[in-house]
S.K.: 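Before I ask anything, here is the structure I am working with.
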Amino acid sequence: MKPIYVLNGPNLNRLGKREPEIYGTTTLAEVEAWCREAAGDRPVEFRQTNSEERLIDWVHEAIDEGDGIIINPAAFTFTSIALLDALKMFKGPIIEFHISNVHRREPIYHRSYVSMTAATTVMAGLGAEGYPLAVKALEMLIMKQRW
Ligand code: DHK
């Protein structure tokens with residue numbers, strides 16, 4: 001069984017302390033534990049970076065090694081065509097994940113490059129508690145070969 005990749009973008013290393021009124025008080029380490037529990041026997045590559053280059057390198061790794069991707073690109077969602085181009089090469093389900101409901105926030109958070117042609121589905125606004133739900137949803141998409 002190939003791993004799923006749970007990739008997190010810039011500033012999410014500060015989760016729990018960063019704008020708790022928007023992102024809550026759960027830490028990224030707690031989110032990782034929830035994802036591993038939700039994945040059961042499925043191996044999980046759980047990562048975070050503030051670097052666009054590294055995030056793209058991990059997508060390339062997932063192209064060769066993974067069965068599915070959950071990605072919270074954070075601010076790169078709205079800026080990176082390079083990340084979109086990398087995700088478009090992935091032959092499997094991709095869940096674009098946002099802790100907050102970006103569509104209910106400032107206009108700079110409304111136009112997602114990832115959603116344009118790469119994301120199979122988008123989950124937004126469920127808080128950090130949405131991550132383990134995304135793991136379950138990704139497993140369903142993998143099993144149904146739907147992307
Ligand atoms: C996280 C960020 O860092 C913001 O740039 C996004 C996203 C929203 C989130 O809700 O997880 O706009």
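Quick caveat, the model's predicted, so the values are computed rather than measured. Read the numbers this way: they start at 1 and go in the same order the structure lists the ligands and their atoms.
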S.K.: How about Pro73 and His98: do any of their side-chain heavy atoms sit closer than 4.5 Å?
M.R.: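 A side-chain contact exists here, since the closest heavy-atom pair is under 4.5 Å.
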S.K.: Give a yes or no answer on whether the side chain of Thr121 reaches the backbone of Ile95 with a donor-acceptor pair at less than 3.5 Å.
M.R.: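 Judged by distance alone, no pair lies under 3.5 Å.
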S.K.: Quick one: look up the protein heavy atom nearest atom 4 (C) of ligand 1 and list residue, atom name and how far away it is.
M.R.: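 That would be Tyr23 OH, 3.5 Å.
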S.K.: Below 4.0 angstrom from a heavy atom of Val102, which ligand 1 atoms are there? Numbered from 1 as shown, please.
M.R.: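 So the answer, numbered in order with elements, is 8 (C), 12 (O).
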S.K.: When you measure from the side chain of Glu96 to the backbone N and O of Ser115, does any donor-acceptor pair fall under 3.5 Å?
M.R.: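 Here the side-chain-to-backbone pair exists.
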S.K.: Can you sort out which atoms of ligand 1 are near Ser100, meaning under 4.0 Å from one of its heavy atoms?
M.R.: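 Here the atoms of ligand 1 in question are 8 (C), 9 (C), 10 (O).
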S.K.: Taking only non-hydrogen atoms of Phe97, do any sit less than 4.0 angstrom from ligand 1?
M.R.: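 No heavy atom of Phe97 comes that close to ligand 1.
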S.K.: Give a yes/no verdict on whether any heavy atom in Asn11 is under 4.0 Å from an atom of ligand 1.
M.R.: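 Contact absent.
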S.K.: List the closest protein heavy-atom neighbour of atom 12 (O) of ligand 1: residue, atom name, distance to the nearest 0.1 Å.
M.R.: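 Nearest neighbour among protein heavy atoms for atom 12 (O) of ligand 1, to 0.1 Å: Tyr109 CD2, 3.0 Å.
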S.K.: Just checking, any donor-acceptor pair under 3.5 angstrom between side chains of Ser100 and Arg105?
M.R.: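 Distance-only check passes for Ser100 and Arg105.
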S.K.: Nearest to atom 5 (O) of ligand 1, what protein heavy atom do you find, and at what distance?
M.R.: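 Protein heavy atom with the smallest distance to atom 5 (O) of ligand 1: Ala75 N, 3.2 Å.
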S.K.: Suppose we measure from atom 6 (C) of ligand 1 to each protein heavy atom; which comes out shortest, and what is that distance?
M.R.: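 Ranking protein heavy atoms by distance from atom 6 (C) of ligand 1, first comes Phe78 CE1, 3.9 Å.
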S.K.: Given Arg105, Arg18, His98, which has its nearest heavy atom closest to atom 3 (O) of ligand 1?
M.R.: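 The nearest heavy atom belongs to Arg18.
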S.K.: So which heavy atom on Pro93 is nearest to which on Asp67, and how close?
M.R.: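 Reported closest heavy-atom pair: CD-O, 3.5 Å.
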S.K.: Should the proximity of Ile99 to ligand 1, defined as any heavy atom under 4.0 Å, be assigned to the side chain, the backbone, both, or neither?
M.R.: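 It is both backbone and side chain that touch ligand 1.
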S.K.: Test your reading of the model: is there a side-chain donor-acceptor pair from Asn101 to the backbone of Ala124, 3.5 Å cut-off?
M.R.: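 Not a single qualifying donor-acceptor pair exists.
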S.K.: Quick one: closest heavy-atom pair of Phe78 and Arg111, and the distance?
M.R.: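 Between these two residues, the closest heavy atoms are CD2-O, 3.5 Å.
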